[in-house]
Amino acid sequence: MSSAVFLVLAIFFGLSLRANAGVTALSPRCSSVQSIFFGQARATSAAVVMEELTLSGLRRTSEEFVRDEIGFESGCTITLDDAEAAAQRLRNTNFFLSVQFFHEKISENSIRLHFVFEEKWTLTPVVRAGSGGGVTFLVLGLYDLNALGAGIESGAQYEQYAGAPGVSIWWRDPHVGSRDWRVSLEYAQLSRPAFFLHPTDLTYYMPLSRVTRFSVMGYRRFADWEAGLGIEPMEKNLISSDFKSPLVFQDFATPSESGINVKSLLRFNKINLDDFRLDGFRSEIGGEILLPVSSLGQKNPVVRVHGQNLFFKNFANRHNAGLRAQASWVSSGRLLELVRLGSLDGVRGLSDGERVGRLSWLANAEYRYASYLSHWLALQNVVFLDSGNCGVDFGTWPYPVAASAGTGIRMGFRPIARLRFRADYAFGLHGMRRRQSWVVGMQQYF
């Protein structure tokens, strides 16, 4: 694993130097209209010189952020396809209800380009409360996708699970030094459910865990690719231990984990966002290695690998379909480290942690139809099919495959970024403890 980390580091910084060299060879302010890997402009017969770039409609978002994200300015040679790609990058930020552009011809080979924006409100409250599995929860928070008008996502959140308090704070800056570098800082001290279904006697246990972590991640964008590296000091502890350990998992009831978590990510992202609609493909693979604190007697590092593919397709203006497939593997059999399936963003209808294991797979399919659209509101009707499972290893699957189907609604307030309410009714098809259930949440998951 260490050699893989060094290889990712070499690729990460090597491509960065190569890309920066290419940018220096041309105009440093025309970065989005050149090949990020080969450092040369794209040849096209429709290319023109953009003599002037104007922006209108910006009230909360800074012009500096927008111009950086556009990636070209006066004097750059562009095509109208480049302008459309820039407009789509700005739509993908989710800061704008609409991004339009038009151009004026100044001469045979030059234009004046105008971008017109309608902004969203990006400061969003979070209020959630409820109960499940005999445990009550409360979540209160506030976050902003576009703090200071600079595209910075920042937020703070307080929560309680079964009376155990927790807090999380985060700061994610998309432009650090240049438009292609971003950094993420997160601190969390959280009480999280470590609920699990015993694979033998099918008893549903409800222990809680406490996690304290501080994460620093850096990301580099290469056109549609993104690579990330980070470090995360962390500590995990079981708050309660009134459960019976499954024999299939070694060291299942280990009460604590502590160490330095090294994280890496490689992502290809070609998903485009237009208000509530998604279209395109995204694939990512990530790896983590938790290096233990030797003074606590822990010897073996914990390795974690995950991968995910997402595909969305728009049909006309109101129809949208999505597919997701993901898999995870972890080297440890401890409850604090096992991968989990259940609840809102997994197999709907499963209780939280109803599937746990050293490896897991998950597949979701969803079809959405916008039955009502106005300037303020988008209401989508949904049908879905979910399936997944967790195993001890590739040959040992103690649980049956879980599968559910159902219907639901999505209600989105269009001028407010990410303010989505959702409710899904799930009917168990196979391997479910409950034949039917409601799942309710905020924001837009899969």
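By the ring-ring contact (aromatic ring centres under 6.0 Å, His included) test, Trp438 pairs with Tyr425, sequence neighbours left out. Residues forming a ring-ring contact (aromatic ring centres under 6.0 Å, His included) with Phe72 (at least two apart in sequence, or on another chain): none. Applying the salt bridge (charged side-chain N to carboxylate O under 4.0 Å, His left out) test to Arg358 and every residue at least two apart in sequence or in another chain returns nothing. Under the ring-ring contact (aromatic ring centres under 6.0 Å, His included) criterion, His175 pairs with Phe65, not counting sequence neighbours. For the ring-ring contact (aromatic ring centres under 6.0 Å, His included) test, residues two or more places apart in sequence or in another chain that qualify with Phe268 are Trp225.
Using the six-membered ring where Trp is involved, Tyr143 and Trp170 have ring planes that are tilted, between 30° and 60° apart.
The pair Arg89-Glu84 does not count as a salt bridge, with every side-chain nitrogen at least 4.0 angstrom from each carboxylate oxygen. Ion pairing of Arg182 with Glu226 is present here, as a side-chain N (NZ or NE/NH1/NH2) and a carboxylate O approach within less than 4.0 Å. The pair Arg59-Glu119 does not count as a salt bridge, with every side-chain nitrogen at least 4.0 angstrom from each carboxylate oxygen. Asp180 and Arg221 are joined by a salt bridge, as a carboxylate oxygen and a charged side-chain nitrogen come within less than 4.0 angstrom of each other.
Between the side chains of Ser191 and Gln160, no donor-acceptor pair of N or O atoms lies under 3.5 Å. Counted by atom type alone, Asn269 and Asp224 present zero donor-acceptor pairs between their side chains at under 3.5 Å. For the 3.5 Å distance criterion, the side chains of Thr396 and Asp393 qualify, holding a donor opposite an acceptor. Checked by atom type, the side-chain pair His319/Tyr367 shows a donor-acceptor distance below 3.5 Å. Neither side chain, Asp144 nor Ser154, offers a donor N or O lying under 3.5 Å from an acceptor on the other. Checking Lys313 against Asn320 by side-chain atom types alone, no donor-acceptor pair falls below 3.5 Å.
Between Leu197 and Leu202 the shortest heavy-atom distance is CD1-O, 3.3 Å. Across Glu354 and Gly349, no two heavy atoms sit closer than the pair OE1-O, 4.5 Å. Summarising the geometry of Ser404 relative to Phe384, their closest heavy-atom pair is OG-CE1, 4.2 Å, with the distance given to 0.1 Å. Between Asn364 and Gly346, the shortest heavy-atom contact is ND2-O, 3.1 Å. Listed here is the closest heavy atom pair of Lys263 and Ser215: NZ-OG, 4.1 Å.
Within the structure, no pair that satisfies the ring pair (Phe, Tyr, Trp, His ring centres under 6.0 Å) test touches residues 330-349, not counting sequence neighbours.
Both tests do not hold together for Arg324 against Phe311: distance to the six-membered ring centre under 6.0 Å, angle to the ring axis within 45°.
Between Phe312 and the choices Ile271, Asn272, Leu273, the side-chain contact (heavy atoms from CB on, under 4.5 Å) rule is met once, by Ile271. Here the options are Lys236, Arg213, Arg334, Arg210, the test is salt bridge (Lys or Arg N to Asp or Glu O under 4.0 Å), and the partner is Glu257; only Arg334 passes.
A distance of 6.0 Å or more separates the ring centres of Phe276 and Phe413. Ring-centre distance between Phe101 and Phe115: below the 6.0 Å cut-off. Between Phe243 and Phe196, the distance separating the two ring centers is shorter than 6.0 angstrom.
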**Q.** Test side-chain contact (heavy atoms from CB on, under 4.5 Å) applied to Asn237 and Ser209, step by step
**A.** CA-CA 6 Å; Asn237 296 283; Ser209 67; over 6 Å; no

Q.
Run Glu153 and Thr93 through side-chain contact (heavy atoms from CB on, under 4.5 Å) and show every step you take.
A. CA-CA 11 Å; Glu153 181 181 346; Thr93 65; over 6 Å; no

Q. Where do Trp361 and Ser387 land on the side-chain contact (heavy atoms from CB on, under 4.5 Å) test, with the steps shown first?
A. CA-CA 8 Å; Trp361 63 269; Ser387 186; 3.3 Å; yes

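A distance-only check finds a donor-acceptor pair linking the side chain of Arg91 to the backbone of Val99 [under 3.5 Å]. When atom types are taken as modelled, the side chain of Thr61 and the backbone of Leu58 share no donor-acceptor pair closer than 3.5 angstrom.
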